[in-house]
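Below is one structure, written out as C-alpha cells; the observations come after it.
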Amino acid sequence: MSAAVVTRFAPSPTGYLHIGGARTALFNWLYARGRGGKFLLRIEDTDRARSSPEASAAILQGMAWLGLDHDGDVISQFERADRHAEVANELLAAGKAFKCFATQDEIEAFREAARAEGKSTLYRSPWRDSDAASHPDAPYVIRIKAPSGGTMVIKDEVQGDVRIAHEQLDDMILLRSDGTPVYMLAVVVDDHDMGVTHVIRGDDHLSNAARQMMIYEAMEWPLPVYAHIPLIHGPDGKKLSKRHGALGAQEYQLMGYPAAGMRNYLARLGWSHGDDEFFSDAQAREWFDLAGIGKSPARFDTKKLEHLCGQHIATSENAALQQELLAFRTAIGENNLPDVKLALLSDAMNCLKERAKTFPELLEKAEFLLVDRPIEPDEKALKSLDPVSRGILSTLTPHLQNASWTRDALEAATADYADSNGLKFGKMAGPLRAALAGRSVTPSVFDMLLVLGRDEALARIKDAAQEHG
RNA sequence: GGCCCGUUCGUCUAUCGGUUAGGACGCCAGGUUUUCAACCUGGAAAGACGAGUUCGAUUCUCGUACGGGCUGCCA
C-alpha cells in the first residue's frame, strides 16, 4: 500500500513564470493529478533581496492561465525560517552539525589558495570537531558534518543511480551567521514537513540532491523520490535566455496561444508516451509517468507549438473556446463585446475554429462580424471592388434576395449565377468576400452570409456595389 | 580545475541486443480549393567520434569530442 502522492512546485519569486518553470510545474501537476495526489505550491523567497511580491503574483498568474491549480495555501518559505532554524539546532544538539567561526575572508582566502594549487575548493572547517570551551565570543554559522569515506547514491527516476563520493560534499552551511536558514536546509525541511513524496525539478538541482540528502539522513527522515528533468534550451541549443525572445508564460498567453495547446506542447517537450503527439489533459494525466521523461535537454519550437494549438482550437467545445477567446481579448486590453456581437461570435464559432492556430488568428477571421457598416475595405479588399466587380455584385443581388437563406439555397443561387454568366466561382467570391467583410482573410462566403443574416448581408453588398463609383 | 549529467532526421521524439531505425513539427513536390488557412498524398532527412563485449550493437562498457549543471553565509 503506497502512500498518496504529494508533489510540489517551488519557484523563487525573482521574475515571471519561466517557460521551463512552467513545464516543471506541469510535470508535477500531471503526476499528482493523474494519481489522485496533491500538488502543492511553495514560494522560495528566503532571499529577500531578490524576491518580490510582484514576481510571486506573476507566477501565480501564469499558473492560473495554464490551469495548474494547486492544493492548499501557497507556502512562503521565508515565513518558515523559525522552523528551519529549529531543525538546524536539533542537528547541532545531536552532534550532527557544528558551529563554525571561520570568517568569510578566511574561507575566501582558502578557496583562492586551493584554486591556485589546482586542489579541491571544498572547505574543511577547522571547527568541525572543536571543543565548545575553545569557542570565541563571535558570530558563527552552523554547518552540517558531512559524511566521509562512502558514496551518496541518488536514486533518480530520470537519471538513474547517480553516485557522488562523500569527499565531494562539504560541511555546508545550514544557518547563516545572522541566524537565517540557507536554501539547502529550507527545501529539505519544507519538503519533509509538507509531506512531499516526489521531488520533480530541473536537473540543475541534481548535484544539490546529494547535499540535501545529507540533511535527510542526519534527521533520519525518509527520502522523497527524485526525478531531475533536463532543462529546456533555446532554438540554438544554448541555455534559454533573454535573447531567445519570449520566455515568460504570460508572453505566450498574450500572443494568444490557448492554454490547452501550451500544456500539450510543454508535456511533449521532454516527455513522451509512444508516438502520441496530440492529446487531451485527461489523457495526459492518465499517461504521464516518470519513466517517460527523457534525459536530454529539449529545444523550444514555436512552429510545433502553433500546430498543436491549432488542433486544440479546432477540437475545443464552442462555448469554452469562446470564453477563452474573450478572456484573451480582455488580457490584451480590448473592450468587452456587446451582446449582439457575442451572439454572432457564438454562431460563427464553428467556422472560425477550424483554421486558426492562435486567438489573434481567430479574431482576424471573426473581424467580419465585429465590424459595423459602413465597412471600410482594406487595400486588398478594395482591389476586389473594381467597377467590374461591383457590377457583379449588383446583378448578383437579386438572386440572393430571392434565395431562402440556407446554405444549400445560397450555394445553388450563387452557382447558378456564376454559371449563367460564364463566371468562375472565384471571380464572384472575391468581390462578395470584400463586400461582406472588407478584407480578404475571412471564413467562407457562405459562412459569412449565414452568420450575418439576410438583411445585414444584403445591406453590405449594396453598400459595396454603390461605393467608390 | 574537481565532481555530475547528456548526445537518434533541422526540431521534438519512438526503439528497452536482431527493425527497410518508426511517428510528429518544419521543409520540398503534387492534390483539393472561395481568400487566409485547414486538409489529403508522396518525398528528402538521423544513431557525435573511436575502441571493446557479443553470432549480432542506436541499444551494454570504456575513452575522446561537444553541450549542460553543481562547485556561495544565492535559490
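We name chains A, B, ... by the order of the sequence lines, and we start the count at 1 in each one.
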Taking the [atom1] atom of each, how far is [N] from [M], in whole Å?
N	M	atom1	answer
B/rG31	B/rG50	C1'	48 Å
B/rA24	B/rG42	P	10 Å
B/rU7	B/rU58	C1'	12 Å
B/rG43	B/rC3	C1'	47 Å
B/rU35	B/rC25	P	23 Å
B/rU64	B/rU20	C1'	32 Å
B/rA45	B/rU8	C1'	12 Å
B/rA46	B/rC12	P	16 Å

Salt bridge present between [X] and [Y] (N-O < 4.0 angstrom):
X	Y	result
A/Lys304	A/Glu306	no
A/Arg42	A/Asp191	yes
A/Arg80	A/Asp193	yes

[N] phosphate, OP1 or OP2, under 4.0 Å from [X] side-chain N/O:
X	N	answer
A/Arg111	B/rG72	yes
A/Gln311	B/rC39	yes
A/Arg176	B/rA75	yes

Looking at every strand, decide which applies to [X] at a 4.0 Å heavy-atom threshold: base, sugar-phosphate, or nothing.
X	value
A/Gln104	base
A/Ser296	sugar-phosphate
A/Asn208	base

- Message: In this structure, how many angstroms lie between the P atom of B/rA24 and the NZ atom of A/Lys357, rounded?
- Response: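 To the nearest whole Å, that distance equals 18 Å.
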
- Item | Rounded interatomic separation in angstrom, taking CZ from A/Phe101 and P from B/rC73 |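 Rounded to whole Å, this separation is 17 Å.
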
- Task: Would you mind telling me which of B/rG6, B/rU34, B/rC73 lies closest to the side-chain atoms of A/Ile173?
- Result: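 When the side chain of A/Ile173 is considered, B/rC73 is the closest of B/rG6, B/rU34, B/rC73.
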
- Message: Using a 3.5 Å distance criterion without hydrogens, assess whether the side chain of A/Arg268 forms a donor-acceptor pair with backbone atoms of A/Trp271.
- Response: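 It does hold such a pair.
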
- Message: I'd like to know whether the aromatic ring centres of A/His273 and A/Phe288 sit less than 6.0 Å apart in this structure.
- Response: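 When the ring centroids of A/His273 and A/Phe288 are compared, they turn out to be at least 6.0 Å apart.
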
- Item | Toward the 5' end of RNA chain B, by each residue's nearest nucleotide, A/Cys100 or A/Ala298 |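 This one resolves to A/Ala298.
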
- Query: Between A/Phe446 and A/Arg23, who's closer to the 5' end of RNA chain B by nearest nucleotide?
  - Reply: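 First, find each residue's nearest nucleotide; the 5'-ward one identifies A/Arg23.
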
